[in-house]
J.: 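If you scroll down you'll find the structure; I have some questions about it.
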Amino acid sequence: MTSGGIRPGSTKRAVAACALIALAMFGGVAMANPQPGQLNMTRGASTWSPVPYFLNNVALGVCVVIGILVFGAMFIAMFRFRKSRGAVAEKWSHNTTLEIIWTTIPVVILIVLAYLATGGLRTFSDTTGSQMTVKVTGYQWKWRYDYVDYQGKAIDKVGFMSKLDRESDETRQLNSGLDPNAVKVGSDNTYLINVDEPLVVPVGIKIRFVITAGDVIHSWWVPALGWKMDAIPGIVNAAWTNIIEPGVYRGQCAELCGQDHGFMPIVVKALPKEEFEKWLADKEAQAKQPAPAAPAAASTAATPSTAQIAPDAPVAQGHQG
């Protein structure tokens, strides 16, 4: 996917040289989900996630090059031209040529970075052509997911709350005596990063998210998707993704939203299109089933064997045989 100003042409080749050092240091991380000890951003698992990954590496490369040049010049000046070696300071106070150079170069760098970033943000904000819509609502401290439409067809009554899984919730309690390292799914430790019901989506589909909140400001963030979006009460923000590979992608609320902010994980489960459609059909069928009848309320008093006459009611006079 081509993202606005980020094109595999001359501009990308020109700025890529600035990122060589950063890429050499940090470019080997290829996992979609963040890993312990990871230094660089994740490459992500969506069609758009390589954009912020590339921009981050370019900006980091620029900073590294500037740092080497500036601190290199400082150390050379301090050690080679120090007073103990007989160095005598120059008397000039201005150099017009030098001032033009060190003003022009940063301006050019900022223009290039702004051009690339603007192109990336422009494509990120473009949710047109979406084939599916999911509404995300943040609450203290859980998420609600409502499926709005899929492939042009409205989805009715498919939605659920997603909160911290029970095992993590019990383990986190004060003096629980439970071992956080024992909270696992397979061989992966999932303490505080797993939920009771994940958001299930298809791969290869452009999904539009409409994101809001029901109480305070939250922030929906899954690093593998390459973005995060604030969930603000009374405001609906929009974002999109198109996941490439099936898998489980984890995230977290990225806004300090209250005392249990750290216990508000996000799990996105991406399925192949056929599997997702089967899952969605099952959910729709469950939603259409009639709710089970509520049990009849138990009588609060025993039914009398004979009719009782209210004290104030008039007594009918009948004929005796």
J.: What closest approach, in Å, do Asn189 and Pro180 show between heavy atoms, and which atom pair accounts for it?
T.: ND2-O, 3.1 Å
J.: Is a side-chain donor or acceptor of Asn237 paired with a backbone partner of Met229 at a separation under 3.5 angstrom?
T.: no
J.: Does Arg172 pair with Asp260 as a salt bridge, N-O distance under 4.0 Å?
T.: yes
J.: Counting distance only, does the side-chain N/O of Arg250 pair as donor-acceptor with the main-chain N or O of Ile193 below 3.5 Å?
T.: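 Judged by distance alone, yes, a pair lies under 3.5 Å.
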J.: Determine the interplanar angle of the Trp279 and Phe160 rings, folded into 0 to 90°, and report it as parallel if under 30°, tilted if 30 to 60°, perpendicular if over 60°.
T.: perpendicular
J.: Please check if any side-chain donor atom of Ser46 sits under 3.5 Å from a side-chain acceptor atom of Asn242, or the reverse.
T.: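 Result is no, nothing qualifies.
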J.: Using modelled atom types and a 3.5 Å cut-off, is there a donor and acceptor pairing between side-chain atoms of Asp146 and backbone atoms of Gly159?
T.: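 Side chain of Asp146 to backbone of Gly159, a donor-acceptor pair under 3.5 Å: no, none is there.
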J.: Okay, side chain of His261, backbone of Glu255: is any donor-acceptor separation there less than 3.5 Å?
T.: yes
J.: Consider only side-chain N and O atoms of Glu277 and Tyr150, and report whether a donor and an acceptor are under 3.5 Å apart.
T.: yes
J.: For Leu192 and Pro265, work out which heavy atoms get closest and say how close.
T.: O-CB, 3.6 Å
J.: Are Asn56 and Asn40 close enough that a side-chain donor and a side-chain acceptor fall under 3.5 Å?
T.: yes
J.: May I ask you to decide if Thr212's main-chain N or O and Thr137's side chain share a donor-acceptor pair within less than 3.5 Å?
T.: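 No, the answer is negative, given that no donor and acceptor are paired below the 3.5 Å cut-off.
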J.: Closer than 3.5 angstrom, by distance alone: can the side chain of Ser49 be matched with the main-chain N or O of Arg43 as a donor-acceptor pair?
T.: yes
J.: Taking Thr123 for its side chain and Gly120 for its backbone only, find out whether a donor-acceptor pair lies under 3.5 Å.
T.: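 Such a contact is found between Thr123 side chain and Gly120 backbone.
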J.: Less than 4.0 Å between a side-chain N and a carboxylate O, is that true for Asp126 and Arg122?
T.: no
J.: Looking at Glu284 and Lys288, is any side-chain nitrogen of the basic one under 4.0 Å from a carboxylate oxygen of the acidic one?
T.: no
J.: Quick one, Leu121 and Trp227 - any side-chain contact, counting heavy atoms below 4.5 Å?
T.: no
J.: Grab the two heavy atoms, one from Pro202 and one from Lys273, that are nearest each other, plus how far apart they are.
T.: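 Minimum heavy-atom contact is CB-CA, 4.4 Å.
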J.: Quick one: do Glu274 and Lys278 satisfy salt bridge (Lys or Arg N to Asp or Glu O under 4.0 Å)? Show the steps, please.
T.: CA-CA 6 Å; Glu274 296 77 13; Lys278 182 179 182 303; over 6 Å; no
J.: Please tell me if the side chains of Ile101 and Glu99 come closer than 4.5 Å, counting only heavy atoms from C-beta onward.
T.: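 They are not in side-chain contact.
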